[in-house]
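Have a look at the structure below before the remarks.
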Amino acid sequence: MVVKQQLEMAIRHYLQNTLPEGAALPEIHLSRPKQQGHGDYACNVAMQLARVLRKSPQVIAQQLVAGVDWPAVVAKAEVAGPGFLNIFLQQAAEAAVLGRAVMQGADYGRVALRDDLPRVNLEFVSANPTGPMHVGHCRGACVGDALGNVLISQGYRLQREYYINDAGAQIGVLAESVWLRMRELNGATIDFPDGCYPGEYVVGIAQGILLEHPFAVLDALDATVRQQLIAPLAVAANMAMIRGDLAALNITFDHYFSESALHDAGSVARLIAQLQHDGWVYRGTLPPPKGKEVVDYQPVEQLLFRTTKCGDEVDRPLEKQDGTPTYFAADIAYHRDKFDRGFGRQIDIWGADHGGYVARVQAAVQAVTDLVGQPEVMLVQMVNLLRNGTPVKMSKRAGTFVTLREVVDEVGADAVRFNFLTRRVESQLDFDLEAAKKQSEENPVYYVQYAHARCAAILRKADEAGLLLLPPEAVDLALLGAPEEQRLVTMMLAYPEMLATAAERLEPYRVATWLMAFAAALHRFYHKQRVMVDDAEVSQARLLLVRAVKQVLSNGLAMLGVRAPERM
RNA sequence: GCGCCUGUAGCUCAACUGGAUAGAGCAACGGCCUUCUAAGCCGUAGGCUACAGGUUCGAUUCCUGUCAGGCGCACCA
């Protein structure tokens, strides 16, 4: 059992036996004090109880110190400040974490697979297959991949999924764009209409398809037939490109799910029929949207879903004016499909521009699966791409958007990932290309990686010196008494707790900020204490410390998908 | 007009769901390499946490209002 839980239980046990009848047991919250002098854990329960017991928090805390049956790992507990209970652990008991980290290796901080948890479907990126990924997708990609790692580390069975929006009008536009490029390649002069995809990659796709399907053959086809031929080929080409872009970021998915397959299988139509049967839909007319001028608004009777019954503002259409299903209808079927595939928990990572979409999807999913609050939607705020402090204007139409690939090539996958993972998703952030390049050698990511390389260098040095590393149990941990050493030990103890918190709150950025603090602790230790000294026992103790630190750095970086280099 | 997110050092961001002296990285200034990696360390400077109220032992955190920025507001995806 984790120390934190032992402490919690000990305190709860005491309170249960001593609190007067009817007094509610407060939540026992143990925190890691920022100040080293405040012990390994702090508890504020005395202050919470002050009002109920009509006693000063200091007095209550004092009673806790004396009365609680503290676990053996506790060295002492004392009252501090306004009534904090500061708990200090046995130094040797704490330092046992070093052996665990070294022995468990990559598994340190991880939890075994838990069958009691719902299976998780994590959907992210899902960029439209109409072109290469642009930098806007990058943040969601990094966050999603890291979150997947974090959840898996805490025992979740998780699948990473990419939803391919390969249905709808945009695909027709894509096919038409490819066809125009084909005609251009064939010698025609084309005036490209506004809605088309102008990017250079469309030419490549056109060329690729022409290799298999000669122009004359395509030209002879009926326009609709031709489009049906070109569209899937163009989508496939774009998806190959997108997979390549993701691979450049070291991101892979377990499953790619096709929207058109959903339509082809009749899932959408079946869902609508089912909803009609269950009384969730009706024919009605929506009022014009408020606050925004809709020039072409016409009151039209549509098939509407009663999302208002589950907390949405207005009911939402399932069919367009022409009778074909809306994207929303397909999306309900999609989330229903995830449920049918056995995912009791669905997490979607969307861009902030989809914020208005959350309520209706959650309402609909609740209606068709009885899962309340699903999908859990993480809204990732926008990234402002800057170059030398000025915004980079991005327009798909003008073909001026910056691709993910360009950014990765410029800045490097490790730096890109770390950069996007040090911030909470709720905060919009600026990403300056020039700054990222210029600072590429002073980036936080290198600070952490350097700490790892430094540990590796020390261990190499020890190896070259012919030093035989003792097994952890043979090392005298009491020799690690310096503040810098204890700081490292404390942080390693906190690592599993940090991971658990990151998973619980869906906040992978915690790993990155923790790593920066941990790396700082290592660098400080390095400058203060020499590892290999004349005293062989001290050397062994510090080498064990370095081995453990290197391992935990490596584990943390792995969570973020960032390399842990042996040399820099 | 309504909804969601945000406002913290010159810049980019943290602060462990309400805790103790608000911290890192860049940028600035001053020190530290003939011993394990100077992509590092130590020090200095930099803050009315947008503003005004409220809740309580205690507020960057929770509530209300104001201001500022971002995103969204049928039949696109």
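We use all heavy atoms of the structure for the numbers below, so side chains are in, but hydrogens, waters and symmetry mates are not. All values reported here derive from a predicted model rather than from experimental measurement. Chain identifiers are assigned alphabetically (A, B, ...) following the order of the sequence lines, protein sequences preceding nucleic acid strands; residue numbering begins at 1 within each chain.
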By side chain to side chain contact (heavy atoms under 4.5 Å, CB included), which residues pair with A:Met568, not counting sequence neighbours?
A:Tyr446, A:Gln449, A:Tyr450, A:Ala453, A:Pro565

A:Leu174 atom CG is separated from B:A77 atom P, nearest whole Å, by 15 Å

Check step by step if side chain to side chain contact (heavy atoms under 4.5 Å, CB included) holds for A:Tyr41 and A:Asn86.
CA-CA 6 Å; A:Tyr41 288 95; A:Asn86 288 344; over 6 Å; no

Is the shortest side-chain heavy-atom distance between A:Leu421 and A:Val511 below 4.5 Å?
no

Which whole-number value in Å describes the distance from A:Arg316 CZ to B:G3 C1'?
11 Å

Could you check whether atom CZ of A:Arg567 has more than 12 heavy atoms from other residues, nucleotides or ligands sitting under 6.0 Å from it?
no

Between NE2 of A:His452 and P of B:G40 the distance, given in whole Å, is 17 Å

How close do A:Cys455 and A:Val549 get, counting heavy atoms only, and between which atoms?
SG-CG1, 4.0 Å

Base, sugar-phosphate, or nothing for A:Arg32, non-hydrogen atoms under 4.0 angstrom?
base

Please pick, from B:A77, B:A14, B:A20, the nucleotide with the shortest atom-to-atom distance to any side-chain atom of A:Arg423.
B:A14

Report the nucleotide, chosen from B:A74, B:A77, B:C41, that has the shortest atom-to-atom distance to any side-chain atom of A:Pro289.
B:A74

Can you list everything that forms a side chain to side chain contact (heavy atoms under 4.5 Å, CB included) with A:Asn44? Sequence neighbours excluded, please.
A:His29, A:Met47, A:Gln48, A:Phe84

Just checking A:Thr422: base, sugar-phosphate only, or nothing, at a heavy-atom cut-off of under 4.0 Å?
sugar-phosphate

From the set B:A14, B:C73, B:A77, return the single nucleotide nearest to any side-chain atom of A:Ser427.
B:A14

Looking only at atom C1', what distance separates B:A15 and B:C51, rounded to whole Å?
22 Å

Pair listing, side chain to side chain donor-acceptor pair (under 3.5 Å) test, anchored in residues 510-524 of chain A, at least two apart
A:Arg454-A:His523, A:Glu507-A:Arg510

Contacts of A:Asn419 meeting side chain to side chain contact (heavy atoms under 4.5 Å, CB included) (sequence neighbours excluded), chain-then-number -> A:Arg423, A:Phe431, A:Asn443

Atom CD of residue position A:Glu537 - does it have more than 12 heavy atoms of other residues, nucleotides or ligands inside 6.0 Å?
no

Using a strict 4.0 Å threshold on nitrogen-to-oxygen distance, state whether A:Glu485 and A:Lys528 make a salt bridge.
no

Counting side-chain heavy atoms from C-beta on, which of B:A77, B:U12, B:A20 comes nearest to A:Ala42?
B:A20

OP1 or OP2 of B:C76 sitting under 4.0 Å from any side-chain N/O of A:Lys320?
yes

Kindly state which residues belonging to residues 539-548 of chain A come within less than 4.0 angstrom of RNA chain B, counting heavy atoms of the residue only, listed by number.
none

Tell me what A:Gln170 touches on the nucleic acid: a base, only sugar-phosphate, or nothing, going by heavy atoms under 4.0 Å.
sugar-phosphate

What nucleic acid atoms does A:Asn86 come within less than 4.0 Å of, heavy atoms only: base, sugar-phosphate, or nothing?
base

5'-most contact on RNA chain B (nearest-nucleotide basis), A:Glu319 vs A:Thr513, goes to A:Thr513

Looking only at B:A14, B:C16, B:U17, the nucleotide nearest the A:His29 side chain is B:U17

When the P atoms of B:A50 and B:C16 are compared, how many Å lie between them, rounded to an integer?
16 Å

A:Asp353 has a side chain; which of B:A74, B:G72, B:G69 sits nearest to it?
B:G72

NA contact type, A:Arg505, heavy-atom cut-off 4.0 Å: base, sugar-phosphate, or nothing?
base

Nearest-angstrom distance from the residue atom CG of A:Asp430 to P of B:G10:
16 Å

Taking the C1' atom in each of B:G25 and B:U34, what is the distance between them to the nearest angstrom?
32 Å

Going by the glycosidic torsion and a 90 degree boundary from 0, is the base of B:C62 oriented syn or anti?
anti

Partners of A:His263 by side chain to side chain contact (heavy atoms under 4.5 Å, CB included), sequence neighbours excluded?
A:Ala167, A:Glu259, A:Val268, A:Pro325, A:Ala330

Check every strand shown and say whether A:Tyr509 touches a base, only sugar-phosphate, or nothing at a heavy-atom separation below 4.0 Å.
sugar-phosphate

Start at the 5' end of RNA chain B and walk down; is the nucleotide closest to A:Leu30 or to A:His354 reached first?
A:Leu30

All side-chain hydrogen bond (donor to acceptor under 3.5 Å, both in side chains) counterparts of A:Ser31, not counting sequence neighbours
none

Output one letter per nucleotide in nucleotides 26-39 of chain B: B when a protein non-hydrogen atom lies under 4.0 Å from the base, S when only the sugar-phosphate is that close, - when neither is.
SS-------BBBSB

Can you tell me, in whole Å, how much space there is between the P of B:C26 and that of B:C42?
12 Å

Check every strand shown and say whether A:Gln298 touches a base, only sugar-phosphate, or nothing at a heavy-atom separation below 4.0 Å.
base

Summarise protein proximity over nucleotides 57-62 of chain B in one line of letters, 5' to 3': B for base, S for sugar-phosphate only, - for none, counting protein heavy atoms closer than 4.0 Å.
B-----

Is there a side-chain contact between A:Leu459 and A:Val546 (heavy atoms, below 4.5 Å)?
yes

Per-residue pairing states of RNA chain B in dot-bracket (Watson-Crick or G-U under 3.5 Å; . unpaired, | other strand) read (((((((..((((.....[...)))).(((((.......))))).....(((((..]....))))))))))))....

Roughly how many Å apart are B:A45 and B:G40, using the P atom of each and rounding to a whole number?
22 Å

Whole angstrom value for the distance that separates P of B:C76 from CH2 of A:Trp350:
18 Å

Nearest atoms (heavy-atom pairs only) where A:Ala352 meets A:Leu379
CA-CD2, 4.5 Å

When the C1' atoms of B:C62 and B:U56 are considered, how many whole Å apart are they?
11 Å

Is there any ring pair (Phe, Tyr, Trp, His ring centres under 6.0 Å) pair reaching into residues 304-328 of chain A, and which pairs are they, with sequence neighbours excluded?
A:Trp280-A:Phe305

Checking side chain to side chain contact (heavy atoms under 4.5 Å, CB included) for the pair A:Leu543/A:Leu469: CA distance, chi angles, key distance, verdict?
CA-CA 8 Å; A:Leu543 279 168; A:Leu469 294 177; 3.7 Å; yes

Interatomic distance, A:Gln35 CD vs B:G23 P [rounded to whole Å]
8 Å

Using the P atom as the reference point in each nucleotide, state the distance between B:A27 and B:U12 in Å, no decimals.
15 Å

side-chain hydrogen bond (donor to acceptor under 3.5 Å, both in side chains) involving A:Tyr334 - partner list, sequence neighbours excluded:
A:Glu161

Expressed as a whole number of Å, how far does the P atom of B:G31 sit from that of B:G70?
44 Å

Counting only side-chain N and O atoms of A:Arg424, is one of them less than 4.0 Å from OP1 or OP2 of B:U6?
yes

Taking atom C1' of B:A15 as reference, at what distance in whole Å does atom CE of A:Met491 sit?
13 Å

